[in-house]
2 protein chains.
Amino acid sequence: MPATPAVPDGKRPTLADLATRAGVSTALASIVMRGAKGASAATRERVLEAAREIGYRPDARARLLRSHRSHLLGVQFGLQHPFHADLVEGIYATAEPAGYQIALSAVTAERGEQRAVETLLDDRCEALILLGPQAPASRLTELAGQLPVVSVARHLRPPVPGLEVVRTADDKGARQAVDHLVALGHRAIAHIDGGKAPGAADRRRGYRTAMSRHGLTEHIRVVPGGLTEAEGAEAAQVLAASQPRPTAVLAFNDRCATGVLDVFLRSGIPVPGAISVVGFDDSHLARLAHIDLTTVGQDIPRLAHLAVDRAIARLDGRDTGTGEQVVAPHLVVRGTTAPPSTAPAT
Amino acid sequence: MPATPAVPDGKRPTLADLATRAGVSTALASIVMRGAKGASAATRERVLEAAREIGYRPDARARLLRSHRSHLLGVQFGLQHPFHADLVEGIYATAEPAGYQIALSAVTAERGEQRAVETLLDDRCEALILLGPQAPASRLTELAGQLPVVSVARHLRPPVPGLEVVRTADDKGARQAVDHLVALGHRAIAHIDGGKAPGAADRRRGYRTAMSRHGLTEHIRVVPGGLTEAEGAEAAQVLAASQPRPTAVLAFNDRCATGVLDVFLRSGIPVPGAISVVGFDDSHLARLAHIDLTTVGQDIPRLAHLAVDRAIARLDGRDTGTGEQVVAPHLVVRGTTAPPSTAPAT
DNA sequence: ACGCCCACATGGAACGTTCTACAATCGGTC
DNA sequence: GACCGATTGTAGAACGTTCCATGTGGGCGT
């Protein structure tokens with residue numbers, strides 16, 4: 001039996017065991033374990049020592065049950081989205097130092113948002129952070145009535161009372177991309193959109209207004225796409241075959257953009273020689289040396305930080321009203337954009 | 001206040017509220033809610049009705065605290081690994097119908113395995129499922145002494161008592177790939193390995209023995225790689241520049257393989273015209289139409305199912321001794337492999 | 001009629017914490 | 001030397017559930 005520091009019987013040591021061992025009351029042991037004030041330095045040391053000896057670990061469940069504060073944030077995320085993975089990473093980074101635990105609940109093809117949220121609720125989370133929720137606004141409203149809810153990357157209008165929104169200024173990002181391409185000399189700039197995906201509407205709108213602002217209304221071209229490589233590839237096929245072919249493409253996101261890149265390369269259309277490609281997100285994907293994608297960067301750590309911060313603020317009663325936090329995107333110029341090879345058509 | 005079916009005060013309804021409402025004791029209400037026997041059909045209906053009315057949801061924490069069985073499986077996974085995401089998806093699919101809940105704990109750059117496991121332990125999980133754990137064997141041994149532990153995709157030798165292993169026959173998979181390439185007429189087949197990644201050693205070994213068995217010992221060539229696209233790309237640069245160039249490459253996994261593909265395409269080396277590429281995993285990536293990668297498929301749903309099954313078996317005392325479940329891989333032939341263009345050198 | 005068993009129902013004690021009292025000890029102050 | 005406030009400690013009741021040991025009643029065999 002390796003490493004068996006437990007109490008006599010096989011069970012996991014409890015606060016009572018610890019208290020007995022240290023020769024104090026359970027109440028005092030509790031005080032020490034949670035770092036509250038009310039214990040002398042001497043006893044504190046003694047209890048801690050005893051805890052180490054018997055390998056005591058507080059029971060999160062029991063602790064949560066008793067204290068009205070659970071310090072638990074429920075996070076719903078899409079298991080297959082790298083973007084969400086990055087966000088979760090950031091959420092851990094902010095929440096744990098702030099003394100909050102994270103309960104993760106995944107959304108998959110077979111496990112809907114409804115189920116994901118239910119398990120979080122059963123776990124007695126104090127607040128919910130939903131990454132790119134697709135649930136109808138009515139459902140979100142209902143949830144927001146029960147506990148603080150933060151929606152990340154989903155733009156809700158009109159604002160839902162009690163629901164915090166944290167998102168990137170998607171329209172602005174699309175505009176930055178268009179500005180960049182126009183500055184390089186492009187005129188025929190197409191957009192592969194994300195359909196109903198969170199943020200897609202704003203990016204589409206941003207693209208349209210930016211094009212208009214540059215007097216390129218007649219060059220506006222939106223091709224139906226999506227948020228995966230396959231959908232990007234499909235759209236790219238359409239663009240590659242079209243006459244005249246645009247000289248630049250703004251894809252809905254990086255995954256979509258890699259699908260586009262792949263099709264162009266295989267079709268013998270050099271990037272950025274014959275056509276420029278811009279992504280969105282600045283995920284790990286875009287940064288890979290061999291993809292080297294010009295993209296609109298979302299400030300993921302900041303989005304994550306804000307989401308946690310908003311949730312905690314609501315819990316502390318620090319903040320009341322409905323709020324929306326909009327984070328500025330920033331263009332990251334890499335190797336997939338360059339001036340068009342031929343003089344732009346009028 | 002939309003949808004406010006709660007009890008008078010603002011609190012969430014409790015079992016006692018439900019019992020009062022239905023006119024029964026809390027004990028009986030409990031019986032009904034967990035579907036145990038001991039309640040008549042009439043009261044059962046009445047209680048369920050009342051539960052619906054006040055929107056009662058059992059408190060998972062309290063439930064866990066009281067019942068010695070928590071029916072909670074702790075899962076540690078790498079947030080950035082698509083392969084793990086697929087596994088988690090499969091784990092949900094098996095565990096939830098079996099009446100087990102899943103507690104997720106992510107491993108990230110900043111959050112080590114140690115911390116991930118600690119939180120799972122604090123949540124009073126009954127068993128641990130570790131996806132590709134990197135922790136030292138001593139640590140795993142220690143854990144296995146405390147509760148049932150299942151290691152997925154990590155081959156441990158010698159077997160650790162009390163630790164279940166579920167993995168793919170990586171060596172066999174590598175062999176299948178080599179056999180396929182040899183059957184196509186390839187002789188100069190290189191392998192980009194995965195370094196210290198779980199399974200890498202077995203795949204490397206499988207490649208070596210398969211080559212030897214075909215009398216191609218002198219063509220054995222292992223290039224250091226890794227499990228990401230960037231590492232695959234790097235290795236591909238080395239191969240592309242080498243003289244003579246191999247006519248086929250077996251990459252450590254699909255991500256690695258896509259990095260390889262990308263470099264070859266950019267260098268003007270047609271795939272599979274000039275060189276064939278085989279991946280490993282059969283992740284979503286490989287199936288994308290525009291990548292269309294020949295790869296060694298891991299039976300992810302089966303791995304997930306077995307992992308959960310082993311854990312539950314141990315909990316039910318159905319199974320005692322140390323066990324290892326090895327799942328057979330299967331080659332998935334797609335578009336990145338073809339016969340070599342030139343006659344193979346001797 | 002009598003006992004007996006079974007299905008149905010209940011009260012109360014856990015589970016391992018934290019929280020709200022309140023008690024004891026100890027300088028220090030008037 | 002009584003009083004006070006701060007500090008350190010404790011007892012005991014929660015939290016919301018499940019488990020255990022009992023009550024009930026009515027149907028049925030004798």
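Below, each value reflects all heavy atoms present in this structure, side chains not excepted, and no hydrogens, waters or symmetry copies. Chain A is the first sequence line, chain B the second, and so forth, proteins listed ahead of strands; every chain is numbered from 1.
- Contact annotation: A:Arg63 reaches the phosphate of C:dT18 (side-chain N/O to OP1 or OP2, under 4.0 Å).
- A:Leu303 is listed as a side-chain neighbour of A:Thr168, based on a closest heavy-atom distance under 4.5 Å.
- For the pair A:Arg124 CZ and D:dC15 C1', the computed distance is 10 Å after rounding to whole Å.
- Regarding A:Asp122, its CG atom lies at a distance of 20 Å from the P atom of D:dC15, rounded to whole Å.
- Here A:Glu324 contributes atom CD and A:Leu156 contributes atom CG; the two are 8.5 Å apart, rounded to the nearest 0.5 Å.
- Side-chain N/O atoms of B:Arg115 and B:Thr119 include no donor and acceptor closer than 3.5 Å.
- Comparing A:Tyr56 and B:Arg46 against DNA chain C, the residue whose closest nucleotide sits nearer the 5' end is B:Arg46.
- Other residues, nucleotides and ligands contribute at most 12 non-hydrogen atoms within 6.0 Å of the CZ atom of B:Arg302.
- For the pair B:Arg57 CZ and D:dT17 C1', the computed distance is 15 Å after rounding to whole Å.
- Using a cut-off of 4.0 Å between Lys/Arg side-chain N and Asp/Glu carboxylate O, A:Glu96 and B:Arg111 are scored as salt-bridged.
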| request: Go through the steps to decide whether B:Arg46 and B:Glu49 satisfy the test salt bridge (Lys or Arg N to Asp or Glu O under 4.0 Å), and finish with yes or no. | output: CA-CA 5 Å; B:Arg46 189 151 41 95; B:Glu49 168 64 19; over 6 Å; no
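- A donor and an acceptor atom never sit less than 3.5 Å apart when one is taken from the side chain of B:Arg66 and the other from the base of D:dT17.
- If you take CG of B:Leu15 and P of D:dC19, they are 12 Å apart, rounded to a whole angstrom.
- Shown here for A:Ala109 and B:Glu89, the closest heavy-atom pair between the two residues is N-OE2, 3.5 Å.
- The interatomic distance linking B:Arg61 (CZ) with D:dT18 (P) rounds to 15 Å, in whole Å.
- For A:Ala39, taking side-chain heavy atoms from C-beta onward, the closest of the listed nucleotides D:dG16, D:dG9, C:dG16 is D:dG9.
- Note: B:Leu143 CG to B:Leu121 CG = 6.5 Å, rounded to the nearest 0.5 Å.
- The interatomic distance linking A:Leu64 (CG) with D:dG16 (C1') rounds to 13 Å, in whole Å.
- Shown here is B:Arg157, whose CZ atom has no more than 12 heavy atoms of other residues, nucleotides or ligands within 6.0 Å.
- Using a 4.0 Å cut-off, no side-chain N or O of A:Ser40 falls inside it from OP1 or OP2 of D:dT7.
- Taking only side-chain nitrogens and oxygens, B:Ser67 never comes nearer than 4.0 Å to OP1 or OP2 of D:dT17.
- For the 3.5 Å distance criterion, the side chains of A:Asp86 and B:Gln80 qualify, holding a donor opposite an acceptor.
- Distance B:Leu65 CG to C:dA13 C1': 13 Å, rounded to the nearest Å.
- Look at NE2 on B:His68: it is 21 Å from P on C:dA13, rounded to the nearest Å.
- Between its two ends, the helix from C:dA1-D:dT30 to C:dC30-D:dG1 turns its axis by 60°, counting five pairs per end and rounding to 10 degrees.
- Near-neighbour residues of DNA chain C inside residues 25-34 of chain B, defined by a heavy atom below 4.0 Å, number-ordered: B:Ser25, B:Ala27, B:Leu28.
- Of the listed nucleotides (C:dC15, D:dC15, C:dT17), C:dT17 has the atom at the smallest distance from the side chain of A:Ala62.
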